[in-house]
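Convention: sequence-line order gives letters A, B, ...; per-chain numbering from 1.
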Number of protein chains: 2
Amino acid sequence: MISATEEDYIKAIFNISRKIKNAMVGTNQIAKEVNTSPASVTDMLKKLKTKDLIQYEKYKGVKLNPTGTKRAVLLLRRHRLWESFLVEKLGFGWDEVHDLAEQLEHIESDELINKLDDYLGNPKFDPHGDPIPDVQGIFTLRNQQLVQHLSVGESGIVVGVKKHDKDFLHHLSQFKIEIGKSISVLEKFAYDNSISVKIDGQKDIMIGAIISENVFVKKL
Amino acid sequence: MISATEEDYIKAIFNISRKIKNAMVGTNQIAKEVNTSPASVTDMLKKLKTKDLIQYEKYKGVKLNPTGTKRAVLLLRRHRLWESFLVEKLGFGWDEVHDLAEQLEHIESDELINKLDDYLGNPKFDPHGDPIPDVQGIFTLRNQQLVQHLSVGESGIVVGVKKHDKDFLHHLSQFKIEIGKSISVLEKFAYDNSISVKIDGQKDIMIGAIISENVFVKKL
DNA sequence: AATATTTTTTAGATTTGTCTAAAAATAAAT
DNA sequence: ATTTATTTTTAGACAAATCTAAAAAATATT
């Protein structure tokens, strides 16, 4: 039995160590991620170690072991499938589903999540374009690049985002930039890294660096 | 903020006091319902009182106040909508959904449950034939009676069950007795209260008192 | 290398929900 | 109406997850 709280710590360790591939994670980093004190993290790490979910020596940092990693991937699978359900079936916006999925991902049932997966048609990506691990924990890879790296004259289909916060997603929606839309680069301005683009063959707009550095497209 | 545990106690009080309309509920009864000790119940009752969810004087029993009742009805709404979703959309059997709904009903979001309601087409009854309270907390009433009270020659459509445990529901499914099926009474045996019936115009079977006393039909 | 800074861990307390065992109140029975 | 039995509450303790403040270890700086 792994509690929701323990799962949150596992997720945190997974998320942090994902950024710096396979690196040891520090107590302070985790504390920030789960919004608690470093002392609480130390307590929890001891517990997760006795439960054999992490590799941990005091003062030396943590790493998920295979069991912990498997759990983290399952949580990611649950989270992303619930997000897909909320957007595809219930009509939530992609900027509204994170907190709900955060609750739903702790519902304990393999049968439920696998049936949900089938019901959704076994999607490979969630509403933000992030890959959904399958039952085996396998992620589908995809070649993608940042809008920033498109040259003038090139175009691509929006397939994902690098930033996931509500405000950024909402901002994108206002520009009609969403998964599946096409983006063509008309002109690039080195001065402030802003780019003039055409969205979905519709009107031309200027996008700033924050957008071009955080939106992934698949080049056409 | 009401915790999942507190919600479980509110549900318990609601369920017990529903049987004996508006009666005061005892500590021991609640302890049995939530599977804990009477001492723990007393502790929780104190807390629920400070949160102004119940009417409670020591040694005199408990009753939900309007706020507590509202919460209990909301929980029933959530539970039954999730059960409907699990059966109608994900393909679970009606005998498999209780425990999952017990988890899902604690997900905190009015928007979620109302969107789910719409997605399901605002069903008035759940997979067991129990009424689903609407957003206002209003239950749809229905005239129904136990199979037991049908006379020889009469028939009805199965609309609900009185017993809800997994084994009973599974047993009914084996007899092809499910919501929507028709039941015609062919012969009644006073000796052991067994009844010979025809299910859905198909084959004749004998049903025992346990079934006839726990299956509701709408007379045709 | 010695000192200063940052990070991490321990120590001790708190909250939530639980327990057992004993005491108090209520209800039942003779 | 007293005794007996049942129900309920208190008292004290425990596990989970958290906190603050202080100590210990590791890292960085001069």
So, does [X] get its side chain near the phosphate of [N], meaning an N or O under 4.0 Å from OP1 or OP2?
| X | N | result |
| --- | --- | --- |
| A:K46 | C:dT9 | no |
| A:Y9 | D:dA16 | no |
| A:T27 | C:dT9 | yes |
| B:Y59 | D:dT6 | no |

Any protein N or O atoms within reach of nucleotides 19-22 of chain C? Criterion: under 3.5 Å, listing atom names and distances.
{"from": "C:dC19", "atom 1": "OP1", "to": "B:T36", "atom 2": "OG1", "distance (Å)": "3.4"}
{"from": "C:dC19", "atom 1": "OP2", "to": "B:T36", "atom 2": "OG1", "distance (Å)": "2.3"}
{"from": "C:dC19", "atom 1": "OP2", "to": "B:S37", "atom 2": "N", "distance (Å)": "3.1"}
{"from": "C:dC19", "atom 1": "OP2", "to": "B:S37", "atom 2": "OG", "distance (Å)": "3.1"}
{"from": "C:dC19", "atom 1": "OP2", "to": "B:S40", "atom 2": "OG", "distance (Å)": "2.6"}

Separation of [N] [atom2] from [X] [atom1] (nearest whole Å):
| X | N | atom1 | atom2 | value |
| --- | --- | --- | --- | --- |
| B:L48 | D:dT9 | CG | P | 13 Å |
| A:N28 | C:dT6 | CG | C1' | 8 Å |
| B:Y56 | D:dT7 | OH | P | 16 Å |
| A:I30 | C:dT7 | CD1 | C1' | 13 Å |
| B:D8 | C:dT16 | CG | C1' | 14 Å |
| B:E57 | D:dT7 | CD | P | 21 Å |
| B:L45 | D:dT10 | CG | P | 11 Å |

- Message: Quiz question: by atom type and distance under 3.5 Å, do the side chains of B:H171 and B:D95 form a donor-acceptor pair?
- Response: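 On atom types as modelled, these side chains do not qualify, holding no pair under 3.5 Å.
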- Going by atom types alone, do A:D118 and A:N122 pair a side-chain donor with an acceptor below 3.5 Å?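 A:D118 vs A:N122: donor-acceptor pair found between side chains.
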- Task: Indicate, with a heavy-atom threshold strictly under 4.0 Å, whether B:E6 touches base, sugar-phosphate, or nothing.
- Result: sugar-phosphate
- Using a cut-off of 4.0 Å on non-hydrogen atoms, how would the nucleic acid contact of B:K60 be classed: base, sugar-phosphate, or nothing? nothing
- Task: For A:R142 and A:K218, indicate whether the former's side chain and the latter's backbone hold a donor-acceptor pair under 3.5 Å.
- Result: no
- Query: Is it true that A:R77 and A:D117 make a salt bridge, defined as a side-chain N closer than 4.0 Å to a carboxylate O?
  - Reply: yes
- Would you indicate which nucleotide in C:dT9, C:dT18, D:dT9 comes nearest to any side-chain atom of B:M44? C:dT18
- Message: When you measure from the centre of the six-membered ring of B:Y56, is the NZ or CZ of B:K46 closer than 6.0 Å and no more than 45° off the axis?
- Response: no
- Among all residues two or more places apart in sequence or in another chain, which pass the salt bridge (charged side-chain N to carboxylate O under 4.0 Å, His left out) test with A:R71?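 Here the qualifying residues are A:E7, A:E108.
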- Message: Determine whether the aromatic ring centres of residues A:Y9 and A:F14 are separated by less than 6.0 angstrom.
- Response: no
